[in-house]
Amino acid sequence: MNSPLLPCPIQPVSAALSLPFPVDVLRLDLLHSVVSGNKWFKLKWYLAEAKTLGKTSLLTFGGAFSNHIVATAAAAQQQGLTSIGIIRGEEPQTLSHTLLAARQYGMQLYFVARESYREKLIPSVVFDQHKASEIYTIPEGGYGRLGAQGAEEILPLHETAAYTHILGAVGTGTTLAGLVSAALPHQKIIGIPVLKNAFSLQTEIEALLPSQKKSVFDLQWNYHFDGYAKHTAELISFMNSFYTATGIPTDFVYTGKAFFAAMDLIQKNHFSPDSRLLLVHTGGLQGNASLGKGTLIFEG
Ligand SMILES: *Cc1c(COP(=O)(O)O)cnc(C)c1O
């Protein structure tokens with residue numbers, strides 16, 4: 001993408017949080033004003049392929065709170081492409097902040113009943129306005145080899161060889177697959193699924209990995225806070241105190257849960273004292289706009 005990428009530093013947080021070994025945060029949330037965090041990496045090679053094939057419209061799938069939807073809309077606009085969002089569920093009376101933002105970036109939204117959404121078919125009304133040959137389809141959530149290939153570029157942004165563990169939030173697992181592919185043999189990658197009981201993730205992530213990498217990641221299943229985009233007072237309170245201590249804002253759908261998990265695992269002695277942990281801040285702060293005003297002490 002030709003809009004400027006901003007620096008995304010590594011920020012140490014051990015001292016601020018009184019942790020027993022070095023823990024740093026990779027601030028991908030600072031990477032780009034709109035396509036923040038991991039989404040830029042996941043979209044990169046899909047966009048390149050769309051251009052190579054001469055496509056003029058990006059189509060993808062997502063729910064009302066999908067960061068992937070708004071990132072695709074913004075990326076398409078920057079590239080001079082049109083975009084089409086196939087959205088799960090009936091059109092609501094008032095659109096979510098995420099969908100309003102996507103529409104502002106020029107995305108045409110088509111709402112599809114949940115049952116048909118599951119089949120990931122393009123509704124025929126789309127073809128009233130677009131030629132099928134112009135459309136490039138990006139899988140839901142950017143899941144796929146090209147998405148993981150982009151995410152392989154995250155760890156090489158910095159000198160990351162000294163970390164023993166790398167931890168991040170998991171939706172489709174595409175980003176995690178990229179981290180696993182890029183990791184060195186002594187590094188362990190820990191994923192925090194934010195969906196409840198999404199046990200198919202294990203094989204979905206493995207499907208994106210070369211065979212020698214298939215079993216070298218660890219999914220911690222107990223930090224979904226009752227499911228996707230659900231939250232509790234405990235999570236919100238954690239996000240506020242994490243911000244107070246470190247100055248780092250998190251989102252309640254992904255990074256808040258992942259960082260909560262990291263602190264909990266540290267407290268439960270999941271890591272040996274000679275560990276060095278890198279937390280990947282995958283962005284997603286725009287999602288906080290759906291929380292009531294005053295819930296968080298920081299601006300998302
Ligand atoms: C989309 C998203 C994820 C999940 O990425 P996957 O590659 O689908 O696992 C994690 N964190 C944030 C902030 C996201 O927006």
Side-chain angles (χ1 to χ4, degrees), residues 8 25-32 34-46 60-75 96-98 101-102 138-155 166-182 189-195 198 200-209 217-221 223-225 227-229 231 235 239 242 248-262 279-291 300:
C8 40
V25 176
L26 174 56
R27 299 288 309 271
L28 297 183
D29 57 310
L30 301 174
L31 179 75
H32 189 278
V34 180
V35 194
S36 95
N38 61 344
K39 295 300 183 280
W40 186 87
F41 294 93
K42 286 208 289 181
L43 286 172
K44 178 176 175 179
W45 293 106
Y46 290 115
T60 197
F61 301 85
F65 301 102
S66 166
N67 291 330
H68 168 72
I69 283 286
V70 67
T72 302
S96 67
H97 174 86
T98 301
I138 300 174
E140 181 183 39
Y143 174 83
R145 262 311 302 161
L146 289 179
Q149 189 185 324
E152 284 173 20
E153 296 171 28
I154 293 173
L155 289 179
I166 294 147
L167 180 147
V170 171
T172 64
T174 308
T175 304
L176 198 82
L179 295 174
V180 173
S181 290
I189 310 293
I190 304 169
I192 310 301
V194 301
L195 287 92
S200 57
L201 270 174
Q202 182 75 31
T203 46
E204 284 157 11
I205 295 170
E206 285 176 359
L208 300 178
L209 294 173
F217 63 94
D218 171 23
L219 297 175
Q220 290 286 333
W221 298 99
Y223 299 102
H224 54 71
F225 288 82
Y228 182 73
H231 61 90
L235 178 66
M239 290 165 63
F242 191 84
I248 301 175
T250 52
D251 79 295
F252 77 98
V253 180
Y254 292 101
T255 54
K257 293 179 183 181
F259 292 5
F260 181 100
L279 308 177
V280 181
H281 193 317
T282 40
L285 298 173
Q286 69 89 21
N288 285 342
S290 72
L291 292 173

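Count residues from 1 along the sequence. Counting convention: from 1, in listed order, for ligands and their atoms alike. Keep in mind that the numbers below use all heavy atoms, side chains included, and drop hydrogens, waters and symmetry copies.
With Lys257 contributing its side chain and His224 its backbone, the two residues share a donor-acceptor pair below 3.5 Å.
For Gln220, the side-chain hydrogen bond (donor to acceptor under 3.5 Å, both in side chains) criterion is met by Asp218, not counting sequence neighbours. A search for salt bridge (Lys or Arg N to Asp or Glu O under 4.0 Å) contacts involving Glu153 returns Lys44, not counting sequence neighbours.
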List the atom pairs, with distances to 0.1 Å, where a side-chain N or O of residues 173-181 and a protein N or O form a donor-acceptor pair under 3.5 Å, not counting sequence neighbours.
residue: Thr174; atom: OG1; partner: Thr172; partner atom: OG1; Å: 2.7
residue: Thr175; atom: OG1; partner: Asn38; partner atom: ND2; Å: 2.9
residue: Ser181; atom: OG; partner: Ala177; partner atom: O; Å: 3.1

- request: Take Phe259 and His281 through the test ring pair (Phe, Tyr, Trp, His ring centres under 6.0 Å) and record every step on the way to the result.
  value: CA-CA 9 Å; Phe259 292 5; His281 193 317; 5.6 Å; yes
- request: Could you go through the side chain to side chain contact (heavy atoms under 4.5 Å, CB included) check for Thr72 and Tyr46 one step at a time?
  value: CA-CA 10 Å; Thr72 302; Tyr46 290 115; over 6 Å; no
Could you list each N/O atom of ligand 1 together with any protein N/O atom closer than 3.5 Å, one pair per line with the distance?
residue: ligand 1; atom: 5 (O); partner: Asn38; partner atom: ND2; Å: 3.0
residue: ligand 1; atom: 7 (O); partner: Lys42; partner atom: NZ; Å: 2.9
residue: ligand 1; atom: 7 (O); partner: Thr174; partner atom: N; Å: 3.4
residue: ligand 1; atom: 7 (O); partner: Thr175; partner atom: N; Å: 2.8
residue: ligand 1; atom: 7 (O); partner: Thr175; partner atom: OG1; Å: 2.7
residue: ligand 1; atom: 8 (O); partner: Lys42; partner atom: NZ; Å: 2.9
residue: ligand 1; atom: 8 (O); partner: Thr172; partner atom: N; Å: 2.8
residue: ligand 1; atom: 8 (O); partner: Thr172; partner atom: OG1; Å: 2.6
residue: ligand 1; atom: 9 (O); partner: Gly171; partner atom: N; Å: 2.8
residue: ligand 1; atom: 9 (O); partner: Thr172; partner atom: N; Å: 3.2
residue: ligand 1; atom: 9 (O); partner: Gly173; partner atom: N; Å: 2.8
residue: ligand 1; atom: 11 (N); partner: Thr282; partner atom: OG1; Å: 2.6
residue: ligand 1; atom: 15 (O); partner: Lys39; partner atom: NZ; Å: 2.7
residue: ligand 1; atom: 15 (O); partner: Asn67; partner atom: ND2; Å: 2.8

